[in-house]
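Everything on this sheet refers to the single structure shown next.
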Amino acid sequence: MFLCDDFPIEFARQPGLGAPVWRGRAASGEDLKDFAATVHLQGGRLAALWGSDERQRHGGPSTGAVAGFRLHCVFGVSQGHACVSLDLPGDDPATLVYPDLSAIFPAANRMQRATRDMVGIASDGPDQRPWLRHGAWPADWYPLRHDAVHVFGMGVGFPNLPSDYDFVQVGGEGAHEIPVGPIHAGIIEPGHFRFSVVGERVLRLEQRLGYQHKGVEKRFIGMDIGRGAKLVGRISGDSTCAYAWAYADAVEAACGVEPPRRALLLRALMLERERVANHLGDLGALGNDAAFAFGLTQFLRLKEDWLRLNAEAFGHRFMMDRIVPGGVAGDIGAPALAAIVEQCGVIAGEVKKLRTLYDEHAGLQDRFLTTGIIDTALVRELSLSGMAARASGMILDGRAHRHEYTPPSPWTTLGVRPITDERGDVAARVAVRFGEIAESLRLLCVLAVGLPTGETRVETAPVAGAAGLGVVEGWRGEVLVGVQFDSEGKLARVHPHDPSWQAWPALEHAVMNDIVPDFPLINKSFNLSYSGVDL
Amino acid sequence: MISLLGQIFRTGILTEPHPDTGDGPRREIDRLHDDILNILGRALTIRQVDAGSCNGCELEIHALNNPYYNLEGRGIKFVASPRHADMLLVTGPVTKNMENALRIAYDCTPDPKLVVAVGDCGCGCGEVGAMFGESYASCGAVDNVVGVDLRIAGCPPTPLALMQGILAAIRSRST
Ligand code: SF4
């Protein structure tokens, strides 16, 4: 039996080849809260939280059991993921309330606030500050409601009003604030950081995001599978393969489709190439932020070689639009596979040399070591996943076997070794990235050499009313995509979830007590997505 | 230190022809560099503003500074303040939440300024541009918010396309 014999929630395993997901329905808010508390006690995580409008959209029969709204919570548990939904009937604002989960999982805070902004269902918690809504639309207008009809066009929108935000104030002798952003100094996405400092020491950092909010989730509504795939690949450009794969898994689970083996291996090949590309770029930037420009030049040249081979082998430098529901678009020839294997050898040698240089450079190590520490307890508390969690001692990787967890195909037989480090500082995140490059290069060779022949794509027809959830271990961490079809087989709701949701608050903790000039370095060691969380 | 110098020595200068990549695109890069210097005869400073991209365009703008394209090595420099910039390189779609910040950055950039919109989103072209167009949360293309001198399409545009676009923008101003 799954997780909890003593709970009134019945779980059923989602079909398909994707990551193991169980779906269940909580009868009441109390049940949901109890379940969350149990997951927390057993060392589980809050993976994602979002809402949906389940009222009739087309005048046909509603796909849900009730007319109203629905809250979706995904928990990371030892066996995989448990997706629990809670129905909130009616549309009276007074009844559209669910129990606050942020006291159990602090990561819920921003997700709950975003859910309120977008769908108009609220937690009963104390923090009701808006998150995604700045001043571009009214507080009582919820973009993801079906009746939030909005003509897509200029001049017909709401007035874009300036808005205030209640930052937590830090008082005391000599304390002052440094506001940064939304436009930052470098070539980077926008967001606002409010530092409270004494002298150079950071007492507190509070982030205000949402500047990248462009209404992606609203765009999904009514799309067909193909257009949805194109959009999902542009939630966060640096993770396009991870998103495309998670979406494909979700659609395939909903439609009862199993992609061919060759396609699965090609997806893994692309995902690992995406991981290596990002780690290469970030390792260079980390060197640069510690005044070691040599590192940037060296790693950027390797990254450029890497991206050029992507373009040659897959027709796109970031492999956008290559992973699609049903399999992959296009195929790869033997010469390209040979080139991939050869390049892995070259890059492995180069990265090894650069690692020695980084390790032996006293100036770099001085900046990296003991800077921006987060410990395992905090990682658990904040439900962190991915590279940053592994750099704080968590053995958590969706591609790797662990107690009670079997990774989905094609990872099952690949024997992925999760790279971990106990230290939790910038040096640890650097070390994990180095280690992951080596491991991904090994995987890439295995994948390229052992690629079976066969089909790369099967037809995927939508199933009215069906739903699915995809989970993929992207280079940052766990990328989730939830998909729901409407009664006409169009997308009723797509919710993409970036691992940065959980990691942004971790960054707030990591900079505490470090000095302001170390912030860029600490920030880069995480390199979080703005677009992925602002949607 | 010795190993560091060794690595620098072994890497060599990559802006020279390289057997692996062929010299087709490489020669193109050199030609572009020369054109930029001929037209400007001095440095160009760029303030990049991400007004709502998916960060894909930024990845390619970053690549401009790798040793293959070596933009900074030829006197084209990304700066932190719009007050120091000759050109704004804007990716989009411009979100409503960034509309104001973009306007401020534009106003802070001294005249005569060049504005280049980057990517299908920023240009509002193609399928992707339409997908991310105007909505309750998005103003759509960059030129819906500030005047644009040149558009560099692509999703994302390649570094080469970016260099050509930057050059064309300079050229449009110098003739
Ligand atoms: S043009 Fe493409 S890469 Fe650039 S921001 Fe838009 S979706 Fe992302």
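By convention in this document, chain letters (A, B, ...) are assigned in the order of the sequence lines, proteins followed by strands, and residues within each chain are numbered from 1.
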Could you state the interatomic distance from [atom1] ([X]) to [atom2] ([Y]), rounded to the nearest 0.5 Å?
X         : Y         : atom1 : atom2 : result
Arg219(A) : Ser138(B) : CZ    : OG    : 6.5 Å
Thr95(B)  : His134(A) : OG1   : NE2   : 8.5 Å
Thr297(A) : Gln7(B)   : OG1   : CD    : 11.0 Å
Asp238(A) : Glu58(B)  : CG    : CD    : 10.0 Å
Asn70(B)  : Arg301(A) : CG    : CZ    : 14.0 Å
Leu300(A) : Leu64(B)  : CG    : CG    : 11.0 Å

Between chain B and each of [options], count heavy-atom pairs under 4.5 Å; write down the option with the most.
options                                    : result
His316(A), Glu360(A), Met223(A)            : His316(A)
Gly284(A), Pro190(A), Gly215(A), Ala285(A) : Pro190(A)
Ala185(A), Ser531(A), Pro143(A)            : Ala185(A)

- So which bits of residues 104-118 of chain B come within less than 4.5 Å of chain A, counting non-hydrogen atoms only?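 Heavy-atom contacts from residues 104-118 of chain B to chain A are Ala105(B).
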Do [X] and [Y] come within less than 4.5 Å of each other through their side chains, counting heavy atoms only?
X         : Y         : value
Ser135(B) : Lys218(A) : no
Arg234(A) : Val128(B) : yes
Ile183(A) : Arg47(B)  : yes
His213(A) : Lys96(B)  : no
Tyr68(B)  : Asp305(A) : yes
Lys214(A) : Cys121(B) : no
Asp50(B)  : Gln212(A) : yes
Lys303(A) : His62(B)  : no

What part of [X] gets closer than 4.5 Å to chain B, counting heavy atoms only: side chain, backbone, both or neither?
X         : value
Tyr211(A) : both
Leu296(A) : neither
Ile187(A) : both
Tyr243(A) : neither
Arg133(A) : neither
His184(A) : backbone

Backbone of [Y] reached by a side-chain donor or acceptor of [X] within 3.5 Å:
X         : Y         : result
Asn55(B)  : Gly237(A) : yes
Arg317(A) : Thr158(B) : no
Asn97(B)  : Gly210(A) : yes

- Relative to chain A, which of Ala101(B), Gly92(B), Ser53(B) shows the most heavy atom pairs under 4.5 Å?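 Of the options given, most contacts go to Ser53(B).
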- Task: For each of Gly56(B), Ala63(B), Ala80(B), Ala51(B), tally heavy-atom pairs with chain A at distances under 4.5 Å, and name the one with the top tally.
- Result: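 Sorted descending by pairs with chain A, the first entry is Ala80(B).
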Under a 4.5 Å heavy-atom cut-off, does chain A meet the side chain of [X], its backbone, both or neither?
X         : result
Cys155(B) : both
Phe132(B) : both
Val94(B)  : neither

- Task: Answer yes or no: are there more than 12 heavy-atom neighbours, outside Glu72(B) itself, under 6.0 Å from its atom CD?
- Result: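 Yes.
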